[in-house]
Amino acid sequence: MTDDASPWLVVGLGNPGGEYAGNRHNVGFMVADLLAERMGARFKAHKSRAQVVEGRVGPPGPLSRRVVVAKPMSFMNLSGGPVTALRDFYKVPIGHVVAVHDELDIDYGALRLKVGGGDNGHNGLKSITKSLGADYCRVRFGIGRPPGRMDVAAFVLKDFSAAERKELDYFVDRAADAVETLIADGLERAQGTYNS
């Protein structure tokens, strides 16, 4: 069991650079941006090759949790280095590390929260697991499978479709709620509320 006083590290996965900003693969960055906005804080460069925001989640007072929200500025397949550096810098136990990422095997907009497991071909998770081990939390944001015979890599590096964008803000908001519930109330409560 992890110490309640230990900080949490929420890592939104994505690729840096404006050309990737609206990609399906960058939904982790979108959730991280919303969490930072809710904290009323701006991302700052950190020596770990990530942008970070520090704040609190949960009710004011002794029950609020210290949280570091991060966006690695390495490319997706090198996420493990910055995440490990942040984990070490902020002394975050592995059970308090949360990766927010896109997931092909879940319908668009659906969420699944879990601890551990495989990487399912996701290069960001593969890199983090290689650096940290697999026992961190995941908030998996469904993007669905590519249509027809479209290449998976091409699909994740495309922007959300016009139809998807109509609901994207709602789904990103819900994913941010799920992260906050996970931190404030624990995994079981968050799974019961948000797993679909």
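Here the structure is a predicted model, which means the values were calculated and not measured.
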From CA spacing to verdict: side chain to side chain contact (heavy atoms under 4.5 Å, CB included), Val27, Val172:
CA-CA 8 Å; Val27 76; Val172 167; 4.3 Å; yes
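- You'll find the side chain of Asp33 reaches within 4.5 Å of the side chain of Lys71, heavy atoms only.
- Val83 is connected to Ile94 through a chain of hydrophobic side-chain contacts under 4.5 Å among Ile, Leu, Val, Met, Phe, Trp and Tyr, so both are in one cluster.
- Between Asp102 and Arg140 no salt bridge is recorded (no basic side-chain N to carboxylate O distance below 4.0 Å).
- Closest of all the heavy-atom pairs between Met30 and Ala21 is CE-O, 3.4 Å.
- In terms of heavy atoms, Ser74 sits closest to Pro16 at O-CD, 3.3 Å.
- Follow the hydrophobic side-chain contacts under 4.5 Å out from Tyr170 and you reach Val139 in the same cluster.
- Closest non-hydrogen pair, Pro7 versus Val92, comes out as O-CG1, 3.5 Å.
- Within the 3.5 Å criterion, the main-chain N or O of Gly80 finds a donor-acceptor partner in the side chain of Ser127.
- The environment of CD in Glu188 is sparse: at most 12 heavy-atom neighbours from other residues, nucleotides or ligands sit within 6.0 Å.
- Without hydrogens or angle criteria, Asn23 side chain to Leu157 main chain gives a donor-acceptor distance under 3.5 Å.
- Here the NZ-CG distance, from Lys130 to Asn77, works out to 10.5 Å after rounding to the nearest 0.5 Å.
- Thr129 and Tyr136 share a side-chain donor-acceptor pair at under 3.5 Å.
- In summary, Arg145 and Asp105 engage in a salt bridge, as defined by a charged side-chain N under 4.0 Å from a carboxylate O.
- When every heavy atom of Arg56 is checked against every heavy atom of Ser64, the shortest pair comes out as NE-OG, 2.7 Å.
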Going through the distances and angles, do Phe29 and Tyr20 end up as a ring pair (Phe, Tyr, Trp, His ring centres under 6.0 Å)?
CA-CA 10 Å; Phe29 274 17; Tyr20 299 106; 9.6 Å; no
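- At least one donor-acceptor pair under 3.5 Å links the side chain of Glu164 to the backbone N or O of Ser161.
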Evaluation steps, side chain to side chain contact (heavy atoms under 4.5 Å, CB included), between His46 and Phe89
CA-CA 10 Å; His46 189 271; Phe89 181 84; 3.4 Å; yes
Kindly indicate, with the supporting measurements, whether the criterion side chain to side chain contact (heavy atoms under 4.5 Å, CB included) is fulfilled by Asp185 and Glu180.
CA-CA 8 Å; Asp185 301 324; Glu180 291 179 343; over 6 Å; no
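- Side chains of Val97 and Cys137 form no contact here, defined as non-hydrogen atoms less than 4.5 Å apart.
- Nearest heavy atoms, Gly81 versus Ser131: N-OG, 4.1 Å.
- Ile143 and Phe171 fall within a single hydrophobic cluster, where Ile, Leu, Val, Met, Phe, Trp and Tyr are joined by side-chain heavy atoms under 4.5 Å apart, directly or via other members.
- For the side chain to side chain contact (heavy atoms under 4.5 Å, CB included) test with Asn26, the passing option among Val156, Val31, Asn15 is Asn15; the others fail.
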Intermediate values then yes/no, salt bridge (charged side-chain N to carboxylate O under 4.0 Å, His left out), Asp159 and Arg165
CA-CA 9 Å; Asp159 287 0; Arg165 281 198 299 273; 5.1 Å; no
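- Counting heavy atoms from C-beta on, the side chains of Met76 and His25 come closer than 4.5 Å.
- Salt-bridge annotation for Arg138 and Asp119: absent, with no side-chain N of the basic residue lying under 4.0 Å from a carboxylate O of the acidic one.
- By the 4.5 Å heavy-atom criterion applied to side chains, Asn120 and Glu103 are counted as neighbours.
- Exactly one of Val69, Ile183, Val10 qualifies for a side chain to side chain contact (heavy atoms under 4.5 Å, CB included) with Val57. That residue is Ile183.
- Atom OG of Ser79 is separated from atom NZ of Lys126 by 12.5 Å, given to the nearest 0.5 angstrom.
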Step by step, would you call Arg38 with Asp177 a salt bridge (charged side-chain N to carboxylate O under 4.0 Å, His left out)?
CA-CA 10 Å; Arg38 289 180 179 184; Asp177 290 347; 2.8 Å; yes
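- At a threshold of 4.5 Å between side-chain heavy atoms, the hydrophobic network of Ile, Leu, Val, Met, Phe, Trp and Tyr places Leu111 and Leu104 in one connected group.
- Using a 4.5 Å cut-off between side-chain heavy atoms of Ile, Leu, Val, Met, Phe, Trp and Tyr, with links allowed through other members, Val67 and Leu187 fall into the same hydrophobic cluster.
- Minimum interatomic distance between Gln191 and Lys114 (heavy atoms only, all atoms of both residues): NE2-CA, 3.9 Å.
- A distance-only check finds no donor-acceptor pair linking the side chain of Asp135 to the backbone of Gly116 [under 3.5 Å].
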Could you please spell out the steps behind the side chain to side chain contact (heavy atoms under 4.5 Å, CB included) verdict for Tyr194 and Arg189?
CA-CA 9 Å; Tyr194 296 99; Arg189 173 77 60 88; over 6 Å; no
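- Side chains of Arg87 and Leu132 form a contact here, defined as non-hydrogen atoms less than 4.5 Å apart.
- Rounding to the nearest 0.5 Å places CG of Leu182 at 4.5 Å from CH2 of Trp8.
- Geometric assessment of Arg24 against the ring of Phe155 yields a positive cation-pi assignment under the 6.0 Å and 45° thresholds.
- The pair Glu54-Lys44 fails the salt-bridge criterion, with no side-chain N (NZ, NE, NH1 or NH2) lying under 4.0 Å from an Asp/Glu carboxylate O.
- The shortest side-chain heavy-atom distance between Val11 and Val98 does not fall under the 4.5 Å cut-off.
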